[in-house]
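Below is one structure, written out as structure tokens; comments come after it.
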Amino acid sequence: MNASRRPRLIILAAGGTIAMSDAAAPRLDAKALAAALPQLSDIADIETRDVVAKPSASLMLEDLALIAASALEAATSADGVVVTHGTDTLEETAFTLALLAQTQTPIVLTAAMRRADQPGADGPANLLAATRVAASEAARGKGILVVMDDEIHAAPLIRKTHSFRTHAFSSAPFGPIGYVVEDRVRFALAPAAATPRLTYGGGAPVVPILEAGPGFERETLAAVAAGAIDGLVLSLPGAGHVAADAAPDLGRLAERIPVVFARAGGGETLRATYGYPGGEMDLIARGLIPAQSLDARKARIALQLLLSERADIPLVRKTFALF
Ligand code: ASP
């Protein structure tokens with residue numbers, strides 16, 4: 001960015017509570033969101049665009065891909081891009097952008113936990129902080145960022161961890177990579193891991209997430225496997241372990257479609273520690289694919305994108321090895 005001219009930012013609206021001033025629907029467009037914050041013009045020349053206007057639980061894979069394409073396109077003609085979004089599936093969209101919208105230009109997502117008509121609405125403060133980050137030189141090359149509650153998070157790490165308080169997002173165990181204080185944008189860390197670059201080939205591959213725990217029934221798996229599914233993500237306890245008697249069924253399914261297993265808690269799936277039936281070594285030997293560092297929600301996005309490009313099982317395995 002040339003220091004002698006004002007930065008140029010594009011705000012893209014994609015629905016969510018930040019765009020709501022009643023309980024019914026996200027109706028505030030990007031222009032209205034920006035108009036409510038005169039401070040934005042102190043930071044940059046702002047252009048506004050509308051992408052979608054939905055509660056984020058209703059977004060489809062094609063909406064996520066459209067948000068990514070719109071952000072990438074905006075990044076070609078602006079110094080920074082802000083995307084306003086719902087909190088419920090913010091982590092999926094942020095991760096989709098991390099996979100599809102790779103650019104040096106800052107792309108910053110933000111959202112709100114309280115509607116514009118509620119006391120203590122957090123949307124304006126979040127949008128202001130996100131705009132400061134998008135306009136900052138320091139944000140260049142840091143990948144897709146999420147700004148909530150004055151914290152700057154890296155998209156591949158963030159998760160919504162609370163259903164109603166304003167401090168609802170966490171990148172535990174790593175934490176935010178920076179923060180915004182007054183008008184200053186501070187980075188303490190930079191993401192070290194490169195995110196693989198994927199593409200979206202259209203459509204919406206059917207990839208359910210199945211959570212297994214004690215007493216996991218083969219019948220449940222059979223019912224899911226009998227449906228018209230293109231892939232399956234398992235969310236498993238521990239390092240990726242399932243009941244012994246479900247393992248052969250999973251192995252048979254994994255011959256037909258990609259079956260990815262993720263850890264339900266924090267950490268990463270193991271590869272070489274537990275070899276008992278249903279342990280991660282057994283699942284891998286049966287052809288299941290470990291999600292490594294990804295949780296089930298992010299693994300599902302990656303698998304859907306891969307399947308949208310008709311990736312076969314070996315390519316899915318190869319790609320997940322990069323996470
Ligand atoms: N239901 C809202 C959504 O669109 C919640 C939010 O934005 O916080 O995700």
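Atoms within a ligand are numbered from 1 in the order they appear, just like the ligands themselves.
- By the 4.0 Å N-to-carboxylate-O rule, R140 lies too far from D79 to be salt-bridged with it.
- When only interatomic distances are considered, the shortest N/O to N/O separation between A112 and ligand 1 falls below 3.5 Å.
- Between T89 and ligand 1, no N or O atom pair is found at a separation short of 3.5 Å.
- Aromatic ring pairs are classed by plane angle as parallel below 30°, tilted from 30° to 60° and perpendicular above 60°; the pair Y274 and H241 is perpendicular.
- A donor-acceptor contact under 3.5 angstrom links the side chains of E217 and T220, judged on distance only.
- Listed by number with element, the atoms of ligand 1 under 4.0 angstrom from any heavy atom of P55 are 4 (O).
- When heavy-atom distances to ligand 1 are checked against a 4.0 Å cut-off, P26 has no atom that comes that close, whether in backbone or side chain.
- At least one N/O-N/O distance between T17 and ligand 1 falls below 3.5 Å.
- For ligand 1, the polar-atom distance check finds an N/O of D88 within less than 3.5 Å of one of the ligand's N/O atoms.
- Using a 4.0 Å cut-off between charged side-chain N and carboxylate O, R297 and E91 make a salt bridge.
- Where the criterion is an N or O separation shorter than 3.5 Å, residue side chain and backbone included, H85 fails it with respect to ligand 1.
- Electrostatic pairing of R218 and D245 does not count as a salt bridge here, judged by no charged N lying under 4.0 Å from a carboxylate O.
- A 6.0 Å sphere centred on OH of Y276 holds more than 12 heavy atoms belonging to other residues, nucleotides or ligands.
- Heavy-atom contacts of G16 reach the following atoms of ligand 1: 4 (O), 7 (O) (cutoff under 4.0 Å).
- Within the listing of ligand 1, atoms 3 (C), 4 (O), 7 (O), 9 (O) sit less than 4.0 angstrom from a heavy atom of G86.
- When only modelled atom types and interatomic distance are considered, T48 and K31 share no side-chain donor-acceptor pair under 3.5 Å.
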